[in-house]
Amino acid sequence: MATQVKEEAANASQLSADAAELNLVEFWKQRAALEGLEPRADAQAYRWKWRDLEPRLRLAGETVPIEDCERRALVFANPGLGGMPHVTDNLFAAFSLYKAGETAPVHRHTPCASRFVVEGDGGFTVVEGEKCKMNRGDLIITPAGTWHDHGNEGSESLIWMDVLDLPIVSKLNLTFFEFDYGEAKADKSGAHPIATGYQEVTEADDISQKLYSAGGMLPLFAPERRGLTGNHSPQFVYRWQAARRALENLAGHPGSLHDGLIMEYVNPTNGRPVMPNMSFRVQMLRPGEETALRRRLSTAVYFCLEGEGLVEVDGEQIEWGRNDVFAMPSWRWSKFKNTGSENAFLYSVTDEPVVRATGLYREERETADGGREFVVFTSHGERVVEL
Ligand code: GTQ
Ligand code: FE2
C-alpha cells in the first residue's frame, strides 16, 4: 500500500516536471482560476477628487515641458489593478492639461479615443482635416485610424478628460501608433521637407457637426466614411449645449429607473454607439432623485459636470461633486442619488458595446416593485428572466 502511494507521488511529480519541460499545463492545477464562478473583482469602485487632481495637473504644467511628453496626461490607475494605467479593466482615462499656445503633434492609432472638455476655452482638435473647437462639456471623438492633433489657442490652461479603449486593444494585441503624417513643408532652404507636426485644415470648421447634428435629419450629399476604417460616427464633435438642452427638455419625464434621464451619443447615420468598443452617455439626476439597484457586466468611468450626489456600490457610499471622476467596475450592485438642490449632470463612458458584441452582456436589477430581474441581451433584444 505504502509503496503504491509513493509510486503515485513519484509519477505525479514526474508528470509535473515533464509538463513544465514540454510547455504543458496540468488543467487540474489551474482549474480554479480558469473556471471563475464570477468575473474577477480586482478593480475597485473608486473616486478621484478634482480638489486633488487640479493642483497636480497645474504642477505637471510647470514641471513637464510639452516637448518632453507630447500629451501632458495624468492617467487614472484603478487601485485594484496593480498600477496599470487602466481606470477599469477595459478602459483608459486621463486628465490632460495644455497651457496657452501649446500643441500636441499629429498622430493616429488603432485604439479609439475621445476627449470631454473639463475647463478652458480656446482648445481645438483637428480630426481628419476638420478643426473642432472645444468648450466645457463638448465631446470630441477621434476614432481608430483618424489623424488628430490638438492645441490650445486660448489664454488660459485647458483641461480635458481622455477616454480610450486602449486596454481592450492592447489585450488583443492590436495596437498601432503612427506619427508619420504625410504632410511636410519645405524648410527655409527648400532642400529638406520637415514634418509640420500638425494637419493642414482641409474642411470647414465643425463641418461634421453642421452636417449631422440637426437631429432626425441627415444630409443626402455628405460622405459618411472618413478616416481609415469608417467604422464610427461621421460626426466628430457633440456639443454640451445640445446635450444639456435635450436633457432639460425632458425634465418632466420619469426617465429610467436605474439611470434617471440618460442619453447616448450616437452615430447619426445608424443610431449605433459612436465608436465600436465604447458607448458615451450623459445623464441628468433631478434634486432628490434616487435610482434603483442594478449590476451590469460592463465597466464605466464617470465625470461629474455639475451638481453633487453619491453612488452606492455594494453598500459603500462614494460622494461626487463638480469635476470629480469615478470608476465603476463590472458586476457590482450600484445606485445613484442626487443629494444637491440643482440638477446633477454626469458624463460616462462604458465598454458595454464590446461586451454586447461577445453576446455575453447581462444585467441584474431591482424592479419598480422591489423585485429582482435578470436580463440577458440577445440579437432579438432584451430577454427578462424573473428571479
Ligand atoms: O490626446 O491623442 O491620454 O493618443 C493617450 C493617448 C491622449 C491623445 C491620451 C492619446 C491621447
Ligand atoms: Fe491620440
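Both counts, for ligands and for their atoms, begin at 1 and track the order of listing.
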Report the angle formed at the Fe ion (ligand 2) by atom NE2 of His107 and atom NE2 of His109, rounding to the nearest 10°.
110°

Given Arg115, which partner from the list Leu139, Asp162, Ile141, Val163 fulfils the side chain to side chain contact (heavy atoms under 4.5 Å, CB included) test?
Asp162

What short N/O contacts, under 3.5 Å, does ligand 1 make with the protein, listed by atom pair and distance?
unit_1: ligand 1; atom_1: 1 (O); unit_2: Arg115; atom_2: NH2; d: 3.0
unit_1: ligand 1; atom_1: 1 (O); unit_2: His150; atom_2: NE2; d: 2.7
unit_1: ligand 1; atom_1: 2 (O); unit_2: His107; atom_2: NE2; d: 3.0
unit_1: ligand 1; atom_1: 2 (O); unit_2: Arg115; atom_2: NH2; d: 3.4
unit_1: ligand 1; atom_1: 2 (O); unit_2: His148; atom_2: NE2; d: 3.0
unit_1: ligand 1; atom_1: 2 (O); unit_2: His150; atom_2: NE2; d: 3.2
unit_1: ligand 1; atom_1: 3 (O); unit_2: Asp162; atom_2: OD2; d: 3.2
unit_1: ligand 1; atom_1: 4 (O); unit_2: Arg71; atom_2: NH1; d: 3.0
unit_1: ligand 1; atom_1: 4 (O); unit_2: His107; atom_2: NE2; d: 3.1
unit_1: ligand 1; atom_1: 4 (O); unit_2: His109; atom_2: NE2; d: 3.0

Tell me which N, O or S atom from His148 is the closest to the Fe ion (ligand 2).
NE2

Apart from Val25 itself, which Ile, Leu, Val, Met, Phe, Trp or Tyr residues share its cluster (side-chain heavy atoms under 4.5 Å, direct or through members)?
none

Answer yes if Leu91 and Leu166 sit in the same cluster of Ile, Leu, Val, Met, Phe, Trp and Tyr residues linked by side chain heavy atoms under 4.5 Å apart, and no otherwise.
no

Looking just at side-chain N and O atoms, do Thr367 and Glu373 make a donor-acceptor pair shorter than 3.5 Å?
no

Around Phe179, counting heavy atoms of other residues, nucleotides and ligands shown, do more than 12 lie under 6.0 Å from its CZ?
yes

Decide yes or no on salt bridge (charged side-chain N to carboxylate O under 4.0 Å, His left out) for Arg58 and Glu119, but give the supporting numbers first.
CA-CA 12 Å; Arg58 303 216 182 272; Glu119 193 171 279; 2.6 Å; yes

Taking the side chain as every heavy atom from C-beta outward, state whether Phe303 and Asn323 have any atom pair closer than 4.5 Å.
yes

